[in-house]
Every structure is written in structure tokens, then in C-alpha cells.
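Structure first, then comments.
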Amino acid sequence: MTSCHECGYVYEELPVERVPESLRAFGPSYREALASVEPEAATARAETTVWSALEYVCHLRDVLLVQRERVVLAQVQERPTVVPMSREERVAICRYDSQPLEDVLAQLAMASDLCVRVFEGLTPAGWDRELVYNWPSTEVRDVRWVGRHTVHEGRHHLYDIERLLAPSQRTG
């Protein structure tokens with residue numbers, strides 16, 4: 001995966017030096033996108049197969065924490081194979097729909113900060129480290145791709161949330 005036809009993200013257009021600042025922006029960006037949304041709108045699913053805005057925020061929080069651990073693993077092991085994050089199963093197992101939005105937004109900011117710290121500390125050789133990544137297909141990826149992919153996750157799900165929340169659902 002090098003680009004996303006749906007949201008327009010192109011991996012190579014993001015210099016790896018900008019990965020940390022891009023990740024750091026997610027906390028404020030998601031908070032702003034959801035600032036005037038009624039709690040019912042944040043938890044509502046437009047369709048049973050489409051996550052709610054709250055579920056997307058929970059997912060990104062968990063993605064940031066999982067990606068952080070994957071990058072750490074790549075720094076200390078030779079070409080580790082990463083465990084799938086089980087994104088669909090997490091929604092139910094972790095009870096995404098029962099978490100207070102305000103708490104999740106604070107957790108997202110914290111997860112972003114923790115993830116940023118790892119990416120900020122990478123040396124050029126650290127960005128070159130490889131791991132066996134399992135999505136969208138099993139392939140050897142370098143940490144550059146992982147960083148860019150993590151930014152894509154955040155941007156894409158913000159795009160998903162903005163599409164979900166019609167202007168009629170906002171209070172302001």
C-alpha cells in the first residue's frame with residue numbers, strides 16, 4: 001500500500017521527518033472535529049457495518065499504541081513478525097461503544113505523545129529497520145512505511161469521522 005484512493009493520502013509525499021509532527025496533530029484535530037457533536041451522534045452507527053465516530057477514535061488510539069510497540073520491536077529484533085491487531089474484534093472486546101468520548105480523546109492525545117516519542121528518537125538506521133507486517137498483505141516493511149502508514153490511519157479515520165457527522169448532527 002503506497003496510496004489511498006479513498007482519502008487521497010500518498011505515503012511517499014510525507015517526509016519521514018514530518019511523521020512525528022503529523023502524529024502529534026491527531027489529538028487536537030480529533031478534538032476539534034468532535035467538539036460540537038452531540039454524544040448520541042458520536043456513538044451512532046450510520047450502518048451496522050460502519051463504525052461510529054467514537055469507535056474510530058478508540059481505534060486510532062489503539063493503533064498508535066500498537067504501532068509504537070511494533071516500532072520498538074523492530075529496533076530490538078531482527079525483522080520481527082508483528083502480531084495482527086485484530087481491529088474488528090477489538091471493537092467488541094474492548095467495548096469501544098461504552099467509553100466516554102472525552103476520556104477517549106484524552107487517551108488519544110496520550111497515545112499520540114507516546115508514539116511520537118519513539119518516532120522522534122529514531123536514527124537513520126532506526127528508520128531502515130524492517131519488520132514483517134501483516135496488512136494489507138504480509139510483507140517486509142521498513143519503519144519509514146510504518147510511520148507513514150500510522151499517519152495514514154489517523155488522517156483516513158478523521159476523514160471517515162467527517163463523512164459520518166453530517167452538519168445536521170452538530171450542535172454549533
Side-chain angles (χ1 to χ4, degrees), residues 1 4-9 11 19 22-74 80-119 131-139 141 143 145-171:
M1 180 169 214
C4 178
H5 72 279
E6 193 174 350
C7 73
Y9 182 81
Y11 285 56
V19 166
S22 297
L23 295 173
R24 187 175 282 116
F26 291 143
S29 295
Y30 277 69
R31 184 170 290 284
E32 181 180 332
L34 293 160
S36 61
V37 174
E38 295 288 342
E40 301 80 35
T43 59
R45 282 187 168 204
E47 300 172 30
T48 58
T49 58
V50 177
W51 291 345
S52 69
L54 172 63
E55 290 166 329
Y56 278 118
V57 180
C58 289
H59 170 68
L60 181 60
R61 174 205 56 208
D62 288 357
V63 163
L64 292 167
L65 296 172
V66 167
Q67 295 294 73
R68 173 182 182 258
E69 292 308 308
R70 289 172 173 173
V71 172
V72 169
L73 190 62
T81 299
V82 299
V83 176
M85 103 171 256
S86 304
R87 60 177 271 155
E88 293 297 332
E89 294 83 359
R90 278 179 186 263
V91 176
I93 293 167
C94 298
R95 300 181 53 222
Y96 283 178
D97 64 345
S98 70
Q99 299 179 31
L101 179 59
E102 191 57 37
D103 291 354
V104 175
L105 289 169
Q107 293 162 2
L108 174 64
M110 181 271 310
S112 175
D113 183 57
L114 292 172
C115 193
V116 164
R117 289 175 186 275
V118 170
F119 280 107
L131 60 158
V132 179
Y133 204 89
N134 50 47
W135 189 93
S137 60
T138 302
E139 291 184 45
R141 303 283 189 178
V143 172
W145 184 89
V146 174
R148 289 174 172 139
H149 180 65
T150 306
V151 172
H152 172 241
E153 283 280 319
R155 289 186 183 174
H156 192 102
H157 294 314
L158 185 58
Y159 171 77
D160 289 331
I161 288 169
E162 290 168 346
R163 287 187 307 171
L164 271 175
L165 300 173
S168 63
Q169 294 175 308
R170 297 183 182 269
T171 59

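The analysis underlying the following values was restricted to heavy atoms, covering all of them including side chains, and did not include hydrogens, waters or symmetry mates. Keep in mind that this is a model prediction, so the values were computed, not measured.
In terms of heavy-atom proximity, Leu131 sits nearest to Ala74 at CD2-CB, 4.1 Å. Of all heavy-atom pairs spanning Leu165 and Ala33, the tightest one is CD1-O, 4.3 Å. Residues Ala53 and Leu164 share a closest heavy-atom pair of N-CD1, 3.7 Å. A pairwise comparison of heavy atoms in Cys115 and Leu23 identifies SG-CD1, 4.0 Å as the closest pair.
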Show your working on side chain to side chain contact (heavy atoms under 4.5 Å, CB included) between Met85 and Glu69 and close with a plain yes or no.
-> CA-CA 11 Å; Met85 103 171 256; Glu69 292 308 308; over 6 Å; no
Would you check, one step at a time, whether the test side chain to side chain contact (heavy atoms under 4.5 Å, CB included) holds for Cys7 with His152?
-> CA-CA 9 Å; Cys7 73; His152 172 241; 3.5 Å; yes
May I have the step-by-step check of side chain to side chain contact (heavy atoms under 4.5 Å, CB included) for Met1 and Trp135, ending in yes or no?
-> CA-CA 9 Å; Met1 180 169 214; Trp135 189 93; 3.4 Å; yes
Apply side chain to side chain contact (heavy atoms under 4.5 Å, CB included) to the pair Val132 and Thr138, showing each step before the final yes or no.
-> CA-CA 7 Å; Val132 179; Thr138 302; 3.6 Å; yes
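Legend: residues meeting side-chain contact (heavy atoms from CB on, under 4.5 Å) with Glu47, ordered by chain and number and at least two apart, are Thr49, Val50. Legend: residues meeting side chain to side chain donor-acceptor pair (under 3.5 Å) with Asp97, ordered by chain and number and at least two apart, are absent. With sequence neighbours left out, Arg24 forms a side chain to side chain donor-acceptor pair (under 3.5 Å) with Glu120. Remark: Glu102 engages Arg31 in a side chain to side chain donor-acceptor pair (under 3.5 Å) (not counting sequence neighbours). Shown here are the side chain to side chain donor-acceptor pair (under 3.5 Å) partners of Arg45, two or more places apart in sequence or in another chain: Glu55.
Under a cutoff of 6.0 Å and an axis angle of 45°, Arg90 and Tyr96 do not form a cation-pi pair. A cation-pi arrangement, defined by a distance under 6.0 Å to the six-membered ring centre and an angle within 45 degrees of its axis, is absent between Arg148 and Trp145.
Proximity of His149 to Gln67: side-chain heavy atoms (C-beta onward) are separated by under 4.5 Å at one or more points. Within the 4.5 Å cutoff, the side chain of Asp62 has no heavy atoms near those of the Cys58 side chain.
Atom CG of residue Leu114 and atom CZ of residue Phe119 lie 12.5 Å apart, to the nearest 0.5 angstrom. For the atom pair CG (Leu105) and CG (Leu34), the distance works out to 6.0 Å, reported to the nearest 0.5 Å. Atom CG in Asp160 sits 11.5 Å away from atom OG in Ser52 (nearest 0.5 Å). From Leu60, atom CG reaches atom CZ of Arg155 across 12.5 Å, with rounding to the nearest 0.5 Å. Separation of atoms CZ (Arg141) and CG (Asn134) is listed at 10.5 Å; rounding is to 0.5 Å. Distance check, rounded to the nearest 0.5 Å: OG1 of Thr150 to CD of Glu153 gives 7.5 Å.
Panel note: side chain Tyr30, backbone Leu158; a donor-acceptor pair is recorded below 3.5 Å. With Ser22 contributing its side chain and Val151 its backbone, the two residues share no donor-acceptor pair below 3.5 Å. The backbone N or O of Cys94 sits less than 3.5 Å from a side-chain atom of Gln99, completing a donor-acceptor pair.
Listed by first and then second residue, the ring-ring contact (aromatic ring centres under 6.0 Å, His included) pairs that reach into residues 55-74 are Trp51-Tyr56, Trp51-His59, Tyr56-His157, His59-His157, sequence neighbours excluded.
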